[in-house]
J.: 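Before I ask anything, here is the structure I am working with.
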Amino acid sequence: GGFALLPFLWLVNVLWFCREAFLAPAYTEQPQIKSYVQRSAVGLLFWVVVLTTWVTIFQTHRARWGELGDYLSFTIPLGIP
Amino acid sequence: RKVSGGAAGLGPVVGGSLNCVSFSSGVCWANSVERKIYIPLNRTAPCVRLLNATHQVGCQSSMNGDTGVIHVVEKDQDLNWVLADGPHPPYMVLLEGELFTRELMLRLKGTSRVSGLAVAISKPSPPRGFSPGLQCPNDGFGVYDSDYGPQYAHCNWTVWNPLGNGLSYEDFHFPIFLLEDANETQVIKQCYQDHNLPRNGSGPEYPLCAMQLFAHMHAVTNTVTCMRRNSIQSTFSLSPEVVCDPLSDSNVWSTLKPINASRKMDPADEVVIVATRIDSHSFFWNVAPGAESAVSSFVAHLAAAEALHKVPDALTLPRNIMFTFFQGETFDYIGSSRMVYDMERNKFPVRLENIHSFLELSQVALRNSSALWVHTDPVSGRNESVRPQVRALVETLLNSSLGVNVTLQEVSQSQPLPPSSFQRFLRARPIPGAVLADHRAAFQNRYYQSVYDTAENILMRYPEGLSPEETLDYVTDTAQSLAEVATVVARALYQLAGGTGNTSAIQADPRTVSRMLYGFLIKTNNSWFQSIIKQDLKGLLGDEPPQHYIAVSYPVNTTQLVQFVLANLTGTVVNFTKEECLNPERAPGADKEMYDYTWVQGSREPNSTSRVPFCVQSTVHLTKALSPAFELKEWGSTEYSTWTESRWKDIRARIFLVASKELEIITLVVGIAILVLSLLATYFINAKAHVLFSSPGDVAY
């Protein structure tokens with residue numbers, strides 16, 4: 001799981017298997033789990049950066065975009081631009 | 001307009017009453033606490049946000065209302081405390097009506113130490129005059145622009161409303177309320193004197209008297225933005241929320257000779273249009289007495305219509321006469337631009353080509369030494385084919401004033417038309433026409449579009465000690481003077497329509513004028529209005545002076561009352577039963593295409609509580625007065641009016657005492673400390689319960 005658009009699954013992955021991958025006593029499948037957890041963490045980080053940037057841009061520029069801003073909004077705030 | 005939540009509004013009400021039943025000591029008690037803390041202000045009018053293609057104007061509060069310590073400003077120096085010296089900003093300013101000027105408002109706008117404003121209405125009206133309208137009303141929407149008489153554009157030639165300070169068209173970021181009731185103003189001032197008065201140069205001590213104003217507006221930026229949001233919300237959103245509505249209502253019109261309202265007029269037929277506006281405005285929402293700016297002229301118009309219908313050869317005149325009452329003219333000519341639009345697109349029984357001439361009554365009540373001025377358009381007057389017709393029209397008018405106490409005079413022929421509906425017709429076609437007004441250049445009206453344009457402004461005075469019935473029929477000097485204007489108009493219209501008979505018999509009735517002035521300016525709930533309206537519309541009559549704001553609901557009281565008065569004055573009583581009157585297709589001899597039938601409740605019989613209803617047959621019609629900009633969805637139009645009114649959920653005002661921030665924090669901290677303490681105590685008592693509550697056997701007596 002966790003293909004391209006599932007940052008939340010990756011988040012769960014990282015938190016849930018963290019102990020299993022890094023803290024538990026070594027066992028044969030551990031390197032495989034470790035690599036999956038690491039890759040999930042990288043993907044998660046990428047998504048966090050992308051989403052944070054977008055949300056910041058959207059929130060600060062929505063009013064300035066005018067028409068486009070309204071069409072990109074799901075709920076439009078009342079009484080402010 | 002207030003947002004009306006159907007099911008959503010019901011929820012809290014039901015919930016509240018249930019709470020009252022089940023936890024009667026909870027919610028109900030809280031309400032009584034609220035009553036002890038707050039004093040609501042009931043007789044107020046808010047300033048609300050209006051929008052056009054490019055701007056937002058009016059006022060805005062935060063969603064939970066804006067609060068501030070009250071400071072009474074009775075003279076200019078009191079303002080220093082608010083703007084600089086006072087230690088408890090932000091302040092709520094209680095302003096005397098006379099100080100409500102542009103200069104002072106711009107000073108308040110430029111500071112963050114003001115959270116809101118309450119304006120006490122000034123009695124008597126400010127002697128220097130007051131108009132929150134523009135100096136050049138409806139600029140850009142009349143006929144004069146860079147192509148048509150460029151020297152007249154933007155009131156370059158004449159400033160019509162020199163007293164206009166434009167406050168109605170400013171945007172304020174704090175709420176502003178009008179205090180209409182002197183008693184409530186006194187309550188606030190008393191609270192201020194008891195708590196807020198600076199003593200010995202130092203600031204007053206807490207608790208202080210504060211005011212909270214709620215007027216949160218949903219629309220923002222301009223009409224383009226808010227209408228776009230309306231349409232996005234209605235197509236995409238799960239809970240569509242409309243944020244603004246176009247200002248709209250209905251025009252009222254009728255004809256002297258009945259015409260088929262569902263068919264087009266024959267191109268060979270000619271019609272003389274007589275027109276007035278029936279709406280006004282002020283800085284505050286739904287406060288628009290408009291005595292001089294609207295009522296006096298439409299009352300004279302109605303009286304002229306009545307006089308003409310009494311003329312014996314009215315129905316055989318070569319030309320027809322159309323009595324037209326435009327709604328929304330204050331906001332860039334909504335009504336007239338719509339009628340012209342409909343005429344151009346053949347959606348109106350009369351075409352523009354059918355119009356023989358146009359006569360408009362502008363403000364007419366404040367005539368100086370009985371002078372009434374005839375304004376004509378200098379640009380179309382230079383047109384070879386129009387010029388002789390305009391001259392003939394003016395001649396007819398001048399002849400009609402003979403023998404009446406009205407001195408008709410023509411203004412200089414190089415002067416442009418004052419703001420008038422006629423300008424919208426001229427934009428479409430060079431129609432010969434004239435505008436009658438009591439002013440030669442600038443308005444006589446010193447309170448144009450303000451809260452002070454009341455019956456006092458047009459000098460309506462009644463002797464002391466009259467009963468309501470006597471007041472209704474009392475002929476004031478104003479009524480007499482307006483009846484004279486109506487007589488001149490009626491005689492001129494008769495001749496313009498091709499009448500050749502003796503005009504001296506045409507006479508407007510001063511008593512009808514008196515009754516109309518009383519009804520439209522002082523009290524709609526009078527015996528005459530009661531007798532001429534439909535029974536189910538009793539609710540639109542009230543004891544307060546009526547307001548003539550166009551609004552966004554449909555139709556407003558003024559429109560309906562003008563409709564009923566016009567039907568009463570120009571219609572005939574037909575002997576139909578209620579059933580026949582309401583369904584004229586079933587009545588013998590009725591013509592639904594030509595006439596309108598109204599079942600009115602009639603007057604009360606003496607010594608009886610029942611009324612004698614009857615059926616009125618008239619040629620009165622209503623047509624939509626919604627700006628074509630909204631039909632065409634051109635929300636950024638510069639051709640048509642684009643005014644919209646924002647929606648809101650809650651508008652109210654209240655005063656209460658506030659404690660200092662320190663006391664509030666101490667109270668909160670103490671409360672939390674007690675909570676934590678009691679939790680700890682409970683825990684330990686629970687843990688050591690066996691020690692404290694040992695079994696009876698262990699206790700040593």
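Quick note: numbers below take in every heavy atom, side chains included, and nothing from hydrogens, waters or symmetry partners. Chain naming here is simple, since letters A, B, ... match the order of the sequence lines and numbering starts at 1 in each.
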J.: Taking atom CZ of Phe22(A) as the centre, does the number of heavy atoms from other residues, nucleotides or ligands within less than 6.0 Å exceed 12?
T.: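 Check passes, neighbour count above 12.
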
J.: Please rank Thr221(B), Ile232(B), Val224(B) by heavy-atom pairs under 4.5 Å with chain A and give me the top one.
T.: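 Sorted descending by pairs with chain A, the first entry is Ile232(B).
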
J.: Is there a side-chain contact (heavy atoms from CB on, under 4.5 Å) between His216(B) and Leu78(A)? Walk through the geometry before answering.
T.: CA-CA 9 Å; His216(B) 180 253; Leu78(A) 296 175; 4.3 Å; yes

J.: Out of curiosity, Arg229(B) CZ to Ile76(A) CD1, how far, rounded to the nearest 0.5 Å?
T.: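 Going from CZ on Arg229(B) over to CD1 on Ile76(A), the span is 5.0 Å.
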
J.: Examine whether an atom of Gln233(B) lies under 4.5 Å from a heavy atom of chain A, and if so say whether it belongs to the side chain, the backbone or both; otherwise answer neither.
T.: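 For Gln233(B), the contact with chain A is made by the side chain alone.
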
J.: Determine the minimum heavy-atom distance between Glu67(A) and Arg228(B), stating which atoms define it.
T.: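 That would be CA-CZ, 3.3 Å.
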
J.: When you look at CH2 of Trp16(A), are more than 12 heavy atoms from neighbouring residues, nucleotides or ligands closer to it than 6.0 Å?
T.: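 Not more than 12 within 6.0 Å, no.
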
J.: Counting only heavy atoms not in His173(B), do more than 12 sit closer than 6.0 Å to its NE2 atom?
T.: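 Yes, the 6.0 Å shell around NE2 holds more than 12 heavy atoms from other groups.
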
J.: Is Tyr169(B) atom OH crowded by more than 12 heavy atoms from other residues, nucleotides or ligands, each under 6.0 Å away?
T.: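 Yes - once you tally the heavy atoms of other residues, nucleotides and ligands closer than 6.0 Å, there are more than 12.
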
J.: Please name the pair of heavy atoms, one in Val220(B) and one in Ile80(A), separated by the smallest distance, quoted to 0.1 Å.
T.: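 For Val220(B) and Ile80(A), the tightest heavy-atom pair comes out as CG1-O, 3.4 Å.
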
